[in-house]
> 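Structure incoming, see below.
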Amino acid sequence: MIRIITVDDHPIVLEGLKNLLLNEPDVVLEKQVSSGKDTLQALREFQPDIILLDINLPDINGIVLCGDIRKTYNQVSIVVLSNSNDRNIILSAVGNGASGYILKNTPMEEIPDAIRKVHDGGIYFCTGTQKVLNNKSSEVVLQLPHLTRREKEVLSLIGQGNTSQEIASQLFISTYTVDGHRKKIMEKFKVNSMAAVIKIATENSLM
C-alpha cells in the first residue's frame with residue numbers, strides 16, 4: 001500500500017483529494033493537514049511514502065518546507081500540487097527535492113498515476129508543467145559534465161517520468177544497470193538526487 005499525507009490550506013481541495021484517493025485500492029490516505037507546522041508534526045509521528053504538497057501555505061514557503069522534509073526524511077517522496085506555472089518556482093521545487101509537480105487545473109484523475117509513478121522511483125510532471133519546462137532558456141550558466149551516450153539516454157527517459165524498470169525494458173538492460181547509471185549521473189552532476197539533475201539539465205537545455 002502507498003501511504004499518503006496531503007497538505008493544503010483549502011478545505012475544498014483536501015476534501016476533493018480525500019474523495020479521489022479513497023477510491024484507489026492501493027493508496028491509503030493517512031492524514032490531511034493544512035500548514036507547514038502540522039506537516040512537520042505529522043512527520044514526527046510517522047513517515048508516509050508520499051506527500052502531496054501545496055507550496056502556498058499560511059505559515060511557511062512550501063518550497064522551503066519541501067527542502068526541509070527531504071533533508072530530514074529522505075525516504076519520503078514529495079509531489080507538489082500548485083496553481084503556479086512559473087518556471088522558476090517549478091525548478092526551485094524540483095531543486096529542493098520534489099519528485100513531481102502537478103498544476104491544480106490538471107484533471108484530478110492524473111494524481112493517482114503520479115503517485116504510483118513516483119512511488120516506483122519515477123518523476124512526474126503534468127502536461128502543463130512539461131510545457132513550461134520545455135520553454136528552455138538559451139543561457140548556459142555552468143560547466144556541464146560529460147555524459148556518455150547511454151547516460152544521456154537514461155537521463156532523457158528519467159526526465160520523461162520513466163521508472164528504472166521501464167527504462168530497463170526500453171533499453172534492454174537490467175534495472176541494476178539503470179540504477180548504476182543513475183548513481184553515476186548524480187556523481188557527475190555532484191548532486192544527491194535525480195530531481196536535482198533534472199533541474200540542472202532542464203535549466204541548461206540538456207532535455
Side-chain angles (χ1 to χ4, degrees), residues 2-10 13-14 17 30-104 106 111 114-115 117-126 128-130 132-133 137 141-142 144-145 155 158-159 161 163 182-183 185-204 206-207:
I2 307 173
R3 301 174 302 158
I4 305 292
I5 289 179
T6 60
V7 185
D8 200 295
D9 64 338
H10 292 89
V13 174
L14 290 176
L17 290 171
E30 297 280 7
K31 199 174 187 65
Q32 293 191 294
V33 297
S34 58
S35 69
K37 178 182 177 182
D38 290 344
T39 302
L40 295 174
Q41 178 59 43
L43 287 171
R44 284 191 284 269
E45 297 170 3
F46 76 99
Q47 285 80 61
D49 297 302
I50 295 174
I51 296 176
L52 300 180
L53 175 67
D54 183 11
I55 55 176
N56 292 316
L57 298 174
D59 59 342
I60 188 172
N61 182 309
I63 293 175
V64 173
L65 177 62
C66 183
D68 291 343
I69 292 170
R70 291 292 296 160
K71 287 176 184 176
T72 307
Y73 308 100
N74 60 13
Q75 77 279 16
V76 177
S77 298
I78 299 170
V79 176
V80 170
L81 301 179
S82 177
N83 286 317
S84 177
N85 63 354
D86 183 285
R87 190 170 188 271
N88 290 330
I89 290 177
I90 295 170
L91 292 174
S92 293
V94 173
N96 275 23
S99 295
Y101 196 104
I102 301 175
L103 298 174
K104 285 187 176 179
T106 301
I111 293 176
I115 288 171
K117 180 73 73 172
V118 169
H119 185 254
D120 288 340
I123 295 171
Y124 191 94
F125 297 130
C126 69
T129 301
Q130 291 178 36
V132 173
L133 293 178
S137 169
V141 296
L142 51 77
L144 298 171
L155 177 58
I158 292 171
T163 64
R182 282 177 177 265
K183 181 179 179 181
I185 291 168
M186 288 189 288
E187 288 175 352
K188 287 186 174 183
F189 277 85
K190 299 180 180 179
V191 296
N192 58 9
S193 74
M194 281 307 304
V197 171
I198 297 299
K199 173 180 181 290
I200 296 170
T202 302
E203 287 177 335
N204 292 276
L206 290 180
M207 302 181 64

> Identify which one of Val13, Ile5, Leu52, Thr6 satisfies the side-chain contact (heavy atoms from CB on, under 4.5 Å) criterion when paired with Gln32.
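Of the listed residues Val13, Ile5, Leu52, Thr6, the side-chain contact (heavy atoms from CB on, under 4.5 Å) partner of Gln32 is Thr6.
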
> Which residue pairs pass the salt bridge (Lys or Arg N to Asp or Glu O under 4.0 Å) test with at least one member in residues 41-52, sequence neighbours excluded?
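Found Arg3-Asp49.
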
> Indicate the atoms forming the closest heavy-atom contact of Cys66 with Leu53, along with that distance.
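For Cys66 and Leu53, the tightest heavy-atom pair comes out as CB-CD2, 4.1 Å.
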
> Within the side chain of Arg70, is there an N or O that forms a donor-acceptor pair under 3.5 Å with the backbone of Ile78?
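Side chain of Arg70 to backbone of Ile78, a donor-acceptor pair under 3.5 Å: no, none is there.
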
> Measure from the side-chain N and O atoms of Thr72 to the backbone N and O of Ile69, and report whether any donor-acceptor pair falls under 3.5 Å.
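Pair absent, no side-chain N/O of Thr72 close to backbone of Ile69.
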
> Compare every heavy atom of Val118 with every heavy atom of Ser77, then report the nearest pair and how far apart it is.
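Ser77 and Val118 have their closest heavy atoms at CB-CG1, 3.5 Å.
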
> Quick check for you: to the nearest 0.5 Å, what is the distance between Ile60 atom CD1 and Thr39 atom OG1?
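Ile60 atom CD1 to Thr39 atom OG1 measures 8.5 Å (nearest 0.5 Å).
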
> Does any non-hydrogen side-chain atom of Val132 lie less than 4.5 Å from one of Thr129?
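A side-chain contact is absent here, since even the closest heavy-atom pair is not under 4.5 Å.
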
> Sort out for me which residue in Val80, Val64, Asn96 forms a side-chain contact (heavy atoms from CB on, under 4.5 Å) with Ile55.
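Of the listed options, the one satisfying the test is Val80.
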
> Could you pull out the closest heavy-atom pair between Leu155 and Val197, with the gap in Å?
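For Leu155 versus Val197, the nearest heavy atoms are CD1-CG1, 3.6 Å.
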
> Taking all heavy atoms of Asp8 and all of Lys104, pick out the closest pair and write down the distance.
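Heavy atoms only, the tightest pair is OD2-NZ, 2.7 Å.
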
> Going by heavy atoms in the side chains, are Asn56 and Asp9 under 4.5 Å from each other?
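Result no, sub-4.5 Å side-chain heavy-atom pair not found.
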
> Does some side-chain heavy atom of Ser34 sit less than 4.5 Å from a side-chain heavy atom of Leu57?
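Of all side-chain heavy-atom pairs linking Ser34 with Leu57, none is under 4.5 Å.
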
> So Ser84 and Tyr101, side-chain contact (heavy atoms from CB on, under 4.5 Å) or not? Walk me through it.
CA-CA 10 Å; Ser84 177; Tyr101 196 104; 3.8 Å; yes

> Who are the side chain to side chain donor-acceptor pair (under 3.5 Å) partners of Asp38, not counting sequence neighbours?
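Asp38 satisfies side chain to side chain donor-acceptor pair (under 3.5 Å) with Ser35 once adjacent residues are dropped.
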
> Measuring only between side-chain heavy atoms, which start at C-beta, is Leu14 closer than 4.5 Å to Val33?
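Result no, sub-4.5 Å side-chain heavy-atom pair not found.
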
> With rounding to the nearest 0.5 angstrom, report the CG to NZ distance, Leu43 to Lys31.
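Rounded to the nearest 0.5 Å, the CG-NZ separation comes out at 10.5 Å.
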
> Test side-chain contact (heavy atoms from CB on, under 4.5 Å) on Asp54 and Val7 and set out the steps.
CA-CA 6 Å; Asp54 183 11; Val7 185; 5.8 Å; no

> So Ile111 and Ile102, do their side chains get closer than 4.5 Å, heavy atoms only?
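A side-chain contact exists here, since the closest heavy-atom pair is under 4.5 Å.
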
> Keeping Gln41 on the side-chain end and Lys37 on the backbone end, is there a donor-acceptor pair under 3.5 Å?
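Checked: no pair found.
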
> Drop me the distance from Leu17's CG to Ile4's CD1, to the nearest 0.5 angstrom.
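Separation between the atoms: 10.0 Å.
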
> Between Asn83 and Leu103, is a side-chain contact (heavy atoms from CB on, under 4.5 Å) present by the stated rule, with each step listed?
CA-CA 6 Å; Asn83 286 317; Leu103 298 174; over 6 Å; no

> Test side-chain contact (heavy atoms from CB on, under 4.5 Å) on Val79 and Ile115; report intermediate values, then the result.
CA-CA 8 Å; Val79 176; Ile115 288 171; 5.7 Å; no

> To check you understand the geometry: which heavy-atom pair defines the closest contact between Phe125 and Gln130, and what is its length?
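Result for this residue pair: O-NE2, 2.7 Å.
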
> Nearest 0.5 Å, what's the NZ-OG distance between Lys117 and Ser99?
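Here the rounded value is 13.0 Å.
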
> Looking at every non-hydrogen atom in both residues, tell me the closest pair between Val191 and Ala196 and how far apart they are.
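In terms of heavy atoms, the two residues are closest at CB-CB, 3.8 Å.
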
> In the structure I gave you, are the side-chain heavy atoms of Tyr73 and Pro48 within less than 4.5 Å of one another anywhere?
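No; the side chains remain at least 4.5 Å from each other.
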
